[in-house]
Amino acid sequence: MDFTIDSEQKALVKAVRGLITNVYDSSETRREATATDPGFTAWEKLAEMGVLSLPFEASPVEVSLAAEELGKVIAPDPFVEAIVLAGGLIDALGTDEQKKQYVDAVAGGEILPILAWMEPGRRWSADASSVTFADGVLNGVKAPVVQAERADLLLVTAALPEGGTGVFLVEGATAVETTITNDGGRAATVTFGDTPAVQLGEGGDQTAAIESALDRARIAYAHEALGAMETALTTTVGYLKTRKQFGVTLNTFQALNHRAADMYVTLELARSTIMWATIVAADEDTTPEQLATAASHAALQTSVAGKHIGLDAIQLHGGIGMTAEYSVGHYASRLIAIEHLIGDADFHRARLAATVGDHDVFDPIG
Amino acid sequence: MDFTIDSEQKALVKAVRGLITNVYDSSETRREATATDPGFTAWEKLAEMGVLSLPFEASPVEVSLAAEELGKVIAPDPFVEAIVLAGGLIDALGTDEQKKQYVDAVAGGEILPILAWMEPGRRWSADASSVTFADGVLNGVKAPVVQAERADLLLVTAALPEGGTGVFLVEGATAVETTITNDGGRAATVTFGDTPAVQLGEGGDQTAAIESALDRARIAYAHEALGAMETALTTTVGYLKTRKQFGVTLNTFQALNHRAADMYVTLELARSTIMWATIVAADEDTTPEQLATAASHAALQTSVAGKHIGLDAIQLHGGIGMTAEYSVGHYASRLIAIEHLIGDADFHRARLAATVGDHDVFDPIG
Amino acid sequence: MRLQLSAEDQAFREEMREFFTTQVPQDIRDTMINHGEITRDQIVRSQQALNAAGLAVPGWPVEWGGKDWTQLQRHIWHEEMQLAGVIPPLAFNASMVGPVIATFGSQEIKERFLPATANLDIWWSQGFSEPDAGSDLAGLRTTAVRDGDHYVVNGQKTWTTLGQYGDWIFCLVRTDPDAPKKQMGISFLLIDMKTEGLTVRPIELIDGGHEVNEVFFDNVRVPVENLVGEENKGWTYAKFLLGNERVGIAQVGASQRNLATAKDKAKEMGVFDQYASRIVDLENQLNALELTALRVAAGSAGDKPHPASSVLKIKGSQLTQAVSDLFVDLEGPAAITSRETRIFLNNRKVSIYGGSNEIQRQIIAGTILGL
Amino acid sequence: MRLQLSAEDQAFREEMREFFTTQVPQDIRDTMINHGEITRDQIVRSQQALNAAGLAVPGWPVEWGGKDWTQLQRHIWHEEMQLAGVIPPLAFNASMVGPVIATFGSQEIKERFLPATANLDIWWSQGFSEPDAGSDLAGLRTTAVRDGDHYVVNGQKTWTTLGQYGDWIFCLVRTDPDAPKKQMGISFLLIDMKTEGLTVRPIELIDGGHEVNEVFFDNVRVPVENLVGEENKGWTYAKFLLGNERVGIAQVGASQRNLATAKDKAKEMGVFDQYASRIVDLENQLNALELTALRVAAGSAGDKPHPASSVLKIKGSQLTQAVSDLFVDLEGPAAITSRETRIFLNNRKVSIYGGSNEIQRQIIAGTILGL
């Protein structure tokens, strides 16, 4: 068991941090970026630095370290969505030819792929139901699909005629209705009407691969959230130290300091679980079931901790924390969004409940 | 809608308070009382004052006011168990002859009746299952039965041969194994082996009457708990004002004061629900279903508030709160006991969940 | 103790329910119930419908349109209004500046402003908070210097809710910078927002909405007759104003209506059973809150704020947020684009404004518990 | 980053698990696992079994029976011990007075006490807390006045856990009442509990148990050679002692074992599904705690307490209590007579002793966050 990172990984962290804090050098810069479509501006630089190739060339550890740095400034670039999730699925399922066609282009930032998997009225199931594939075409509606309009390539989960769920590739125009998400991003309702599509990979039921890709993405999202929580706490502590009321700085008030201490407790516990989940994902002996368990543990910590830290960061700031010009509100917004992208606390509790009775003591390193 | 009490009721409160604070004039006196069987010492005086006749002669309002005063000093006398619950059931179900035989004697303190309704492994169901009645005799085990050993008359719920549950009267010796309860009281496992018994009242299934009697008892218990919570908070506030640490009184520490404020918020909200439940019970137009809903609302508030206030009272005291010589620990113990006598939070949430979808806005005065 | 309302209050309640559910335009109530965006026009039409029936400003003196209601009746009025999805009268007019003018203003100022205020012909904004003051209201720095028949006002206000719609603004200004205590030397001034030198700048909130503003005063000349009461007595009037608003502080009717809507939504989505326990918990807590509000209303004598007002504020804000949280979770993945999430984010304000919950705990600890 | 333990640590873990589950008397482990009452004899036998295998005092210097283990190995040792239901070595001996004597004591005092301390031939009690001090340890008032070759000790200690079994007691006493700061003028004294003038009075706790005591000193004469280190330097040794105990502070192994037992119990009672979500939540939090303890153990260098120790203390105590609460609720109506309820009440102590959770928050706010 080793939680430390090596010198190369440290160098990666430093490089990503340098890049991303340069692009989003203030809350205002990020706001400007999200105000204009597609809502993010670091993509080319991330491609140039090789960050977009991490899921294909490095381990989940490097992916998570990068995601955490992006989370610290809540970079709006769809690294987890496009690269970890959609890109990861191409890498996992694609035929040699498909990989050849797409992987380098995705890693190079030339093609932005997006996985359209969620369906209206359903809750984070890996299988598709309302979108179906038959006779070479897709029909049905997917929503919300993050960055669907900007995407060059949609990966669409669809119910197969013979049962099971497959992943299908759609390039070019589809009926997309985009809205601004509550964290300043973009998401769309995508409607397929006899839309021609080819299946990714060798065909057949791909539900298990989709589930594992989602679990890897959940872990990366958890790291993004971890970065966001850390900044939210740091910002709050800084505010308590400097903001004066009634003639004294806010850290004169013990009740506020203790609230900040509780946020720190939450943060450090979440950090441990989230780091561990990455280590589980990086281990070559990990089974899909172990990956699912680790992802759900990380997601549950992320949901509960994200809400605690995000919302208390606003409360401890008072009115300023409610404004779009100040940073912490955006961190809370992003943390709430991540919770509903990875599956909320109820969802992951139910997922873990299915197996919690099968073991005695849960051993994270066993 | 009127939460105020009239001058006669105020006089009752004053009289009960005078009596009970005289009998249990300190935490030490109460400890001495619970150290010797049967564990309570105010019974005769409560009978003399007429407190034991309240369920038979007055309304639930008077019963609740008395219970609250007993709760303020956590009087160990089984007022709710014997008088409200068992006595109330005799009054509700008994034949004229049975009432004549028992009610005055119960109200006069000459006969202590106890309802044996809980069964090992079951959770607060009004119907009996493991204790059965057939051919004039009872068989099976009841536990825990509060004050069974001291009881002069056991009312035993038992499954009827033809289905349903009846209430049976058992006088005199039964196989009773008594233990000290965690709040300093007495409870027993009572075993029936071909024990002769006669049914209370006219016979047949009496589950509905048992349920209503339990609900009335739950509301009285809630008032007892309310009294206990009030004293626990008052004691804590007094301690914070006077106890010195680091050279200053504890109320110098804002974090502790805010914890006490949260206890007050919890107390006042619980008080409103519990008072309302009594008013519902006292209203002659109230249906058994409305009574059940009110009782569950009161019980749920009692469970959650009792735990919050009881446990934080100990925490805010520190070590002294852990000791048997000091008072607050006993208040916490009694509050935890009440929670498990009336049905815990989960039980009442489930009970309310059965009907929560049937109405739009819940109107407490409709 | 008695469960039912008195026959009189029962009749009153039915009258209110009847009025609110039939006499206030349906489009307004539908927008409220379905969590839509409320327009300025809807707020004005709603209040004018109320005012036409004499139901907009019941807390005012009778001669200015008020009702001689009990606190319980005012509670019922507010509760039924919220349950029916009616927009309550604009607080700045009905609960804030109106009562101050009615209590402390000259006859001339009353006649000039009160009828228009009750009918929302004048839309009032509030100029109390300042950027560096936060919860420390008395630390305000906006000045008003006498110059002949005018005050010249300079400074900045912030958190001015719906200031973009405002016709007039009531302000606390510092008229005596040399007063020995910061609470002294403050005056209560009424300012026409069209006056030269006054500018309103929107503040965007985290839900993307524009609901609060900064208001800048650059040598704004205000006629001395716009002073309410006496010069340098403004803090007294402000305290009166802040203590006045205790009916409806818990927003319990709105939360109850929202919880009922959430039940319907959960049923529609087929997830009712999954959320039943959480709904029960919220209903149980809302019931406790409603009953506490009734106790406070029934137990309030005269104009003294009941000490339990802070309880209503803390629990009311927590439950507003908790019900809102339920809506977000019901949305599932759609929460990332849902208006419910924006409402949830916006609702973070309710535990901050009007005296944050930390301030309320401080009040309970100090005033009630004597800590 | 690496998931598995190193081959060496993996072997170490298996060795520990093998030892604890086979070489410690079964009756002791059964009593622990089934939440029974532990006797003095069981505690002694358990520690002597560990000591015989060289596993009682791994944190001590090697020459006095310690092991040159990494922090991670000490964590594994403690974790496996708790998972197996083995009673950990008596903290007063193994983690408190032992390390102080080994670090600050003279050679003579080491030889005299350390072997007997490791083997629990001497049962040590702790004489730190006093009735009026609480969390303010340095405010102690028990005095030791030099009289020839003796100190004469007068005063009172309290919260002396298991003092009824004690052979000796290590005490903080005030040797210089005129010292300029209260932390100065304190000495660290070893006192034979059979000395005349020393009396132990039991304190009953709210669970009805007798686990702590008051200890009274009435002109108790203590030979000067029983002083550890230098006179008036006792506060330094006390701080060392208090900072020393970071392995096992979270009691995570015990909580994990208890949660596993709770699962079995819920299944037996046929209520597993009802409690599954709560069990998941606890397992999720315990996992986070265990991983944090591993991070702290792996990241600790030398003898400095890791700043996250307060995190372990706060969350560890909360989860000890939460798992205990689950046991109570599983009991249903039987909770009123159940031993689980007494354990639950007793467990209120874990958020109070060893620096209450309020003190821990203060440490986090001050030391870590710089507030």
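Quick note on labels: first sequence line is chain A, next is B, and so on, each numbered from 1.
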- Query: Using a cut-off of under 4.5 Å for heavy-atom pairs, which of D:Asn357, D:Thr292, D:Leu259, D:Leu294 has the most such pairs with chain A?
  - Reply: D:Thr292

- How many angstroms lie between CD1 in A:Ile274 and CG in D:Leu291, if you round to the nearest 0.5 Å? 11.0 Å

- Item | Region of D:Gln360 in contact with chain A, defined by heavy-atom distances below 4.5 Å | neither

- Message: Is it the case that atom CD in A:Glu8 sees more than 12 heavy atoms from other parts of the structure closer than 6.0 Å?
- Response: no

- Highest number of heavy-atom pairs under 4.5 Å with chain D among A:Leu240, A:Val280, A:Leu250, A:Asp262 belongs to A:Asp262

- Task: Could you tell me which of A:Val304, A:Ile5, A:Leu352, A:Ile279 has the largest number of non-hydrogen atom pairs under 4.5 Å with chain D?
- Result: A:Ile279

- Task: Any chance you could lay out the side chain to side chain contact (heavy atoms under 4.5 Å, CB included) test for A:Trp276 and D:Asn287, step after step, and finish with the verdict?
- Result: CA-CA 10 Å; A:Trp276 162 77; D:Asn287 190 41; 3.5 Å; yes

- Would you find more than 12 non-hydrogen atoms of other residues, nucleotides or ligands less than 6.0 Å from D:Lys267 atom NZ? yes

- Query: What part of D:Leu371 lies closer than 4.5 angstrom to a heavy atom of chain A: side chain, backbone, both or neither?
  - Reply: both

- Nearest heavy-atom approach of A:Ala261 to D:Ala365 is CB-N, 4.3 Å

- In terms of heavy-atom pairs under 4.5 Å with chain A, the winner among D:Gln362, D:Arg257, D:Gln285 is D:Gln362

- Spacing of CG belonging to D:Leu369 relative to OH belonging to A:Tyr264, to within rounding of 0.5 Å: 7.0 Å

- Message: Tell me whether the count of non-hydrogen atoms from other residues, nucleotides or ligands lying under 6.0 Å of CG in D:Asn34 goes above 12.
- Response: yes

- Query: So which of A:Thr273, A:Leu269, A:Asp285 has the biggest tally of heavy-atom pairs under 4.5 Å with chain D?
  - Reply: A:Leu269

- Message: Counting only heavy atoms from other residues, nucleotides and ligands, does the tally under 6.0 Å from NZ of A:Lys14 exceed 12?
- Response: no

- Message: Given heavy-atom pairs under 4.5 angstrom as the criterion, report whether the side chain, backbone, both or neither of D:Ser6 touches chain A.
- Response: backbone

- Message: Pair D:Phe272, A:Val356 - check side chain to side chain contact (heavy atoms under 4.5 Å, CB included), show working.
- Response: CA-CA 10 Å; D:Phe272 189 84; A:Val356 75; 3.8 Å; yes

- Message: Check this for me: does any side-chain nitrogen of one of D:Lys315 and A:Glu268 sit under 4.0 Å from a carboxylate oxygen of the other?
- Response: no

- Answer with side chain, backbone, both or neither: which region of D:Glu290 has an atom nearer than 4.5 Å to a non-hydrogen atom of chain A? side chain

- Atom pair CD1/CD of A:Ile365 and D:Gln10 - distance to nearest 0.5 Å: 7.0 Å

- Under 4.5 Å between any side-chain heavy atoms of D:Leu286 and A:Phe362, yes or no? no

- Task: Go through the atoms of A:Ala282 and report whether side chain, backbone, both or neither lie under 4.5 Å from a heavy atom of chain D.
- Result: neither

- Note on the structure: Highest number of heavy-atom pairs under 4.5 Å with chain A among D:Leu5, D:Asp9, D:Asn284 belongs to D:Asn284

- Task: Could you tell me which of A:Gln254, A:Gln9, A:His258 has the largest number of non-hydrogen atom pairs under 4.5 Å with chain D?
- Result: A:His258

- Note on the structure: In terms of heavy-atom contacts, D:Arg13 and A:Asp363 come closest through NH2-OD2, 2.9 Å

- Query: Where on A:Val61 is there a heavy atom nearer than 4.5 Å to chain D: the side chain, the backbone, both, or neither?
  - Reply: side chain

- Interface residue of largest heavy-atom contact number with chain D, from A:Ser296, A:Ala354, A:Gly357, under 4.5 Å: A:Gly357

- Task: Could you tell me whether A:Asp360 and D:Lys263 make a salt bridge, using a distance below 4.0 angstrom between a side-chain N and a carboxylate O?
- Result: no

- Rounded distance [0.5 Å steps], CD1 in D:Ile364 versus CG in A:Asn257: 12.0 Å

- Query: Passes side chain to side chain contact (heavy atoms under 4.5 Å, CB included), A:Leu300 versus D:Val280? Steps please.
  - Reply: CA-CA 10 Å; A:Leu300 181 49; D:Val280 162; 4.2 Å; yes

Check: residues 82-89 of chain D side-chain donor-acceptor pairs under 3.5 Å, at least two apart:
{"from": "D:Gln82", "atom 1": "OE1", "to": "D:Gly253", "atom 2": "N", "distance (Å)": "3.3"}
{"from": "D:Gln82", "atom 1": "OE1", "to": "D:Ala254", "atom 2": "N", "distance (Å)": "2.9"}
{"from": "D:Gln82", "atom 1": "NE2", "to": "D:Gln251", "atom 2": "OE1", "distance (Å)": "2.7"}

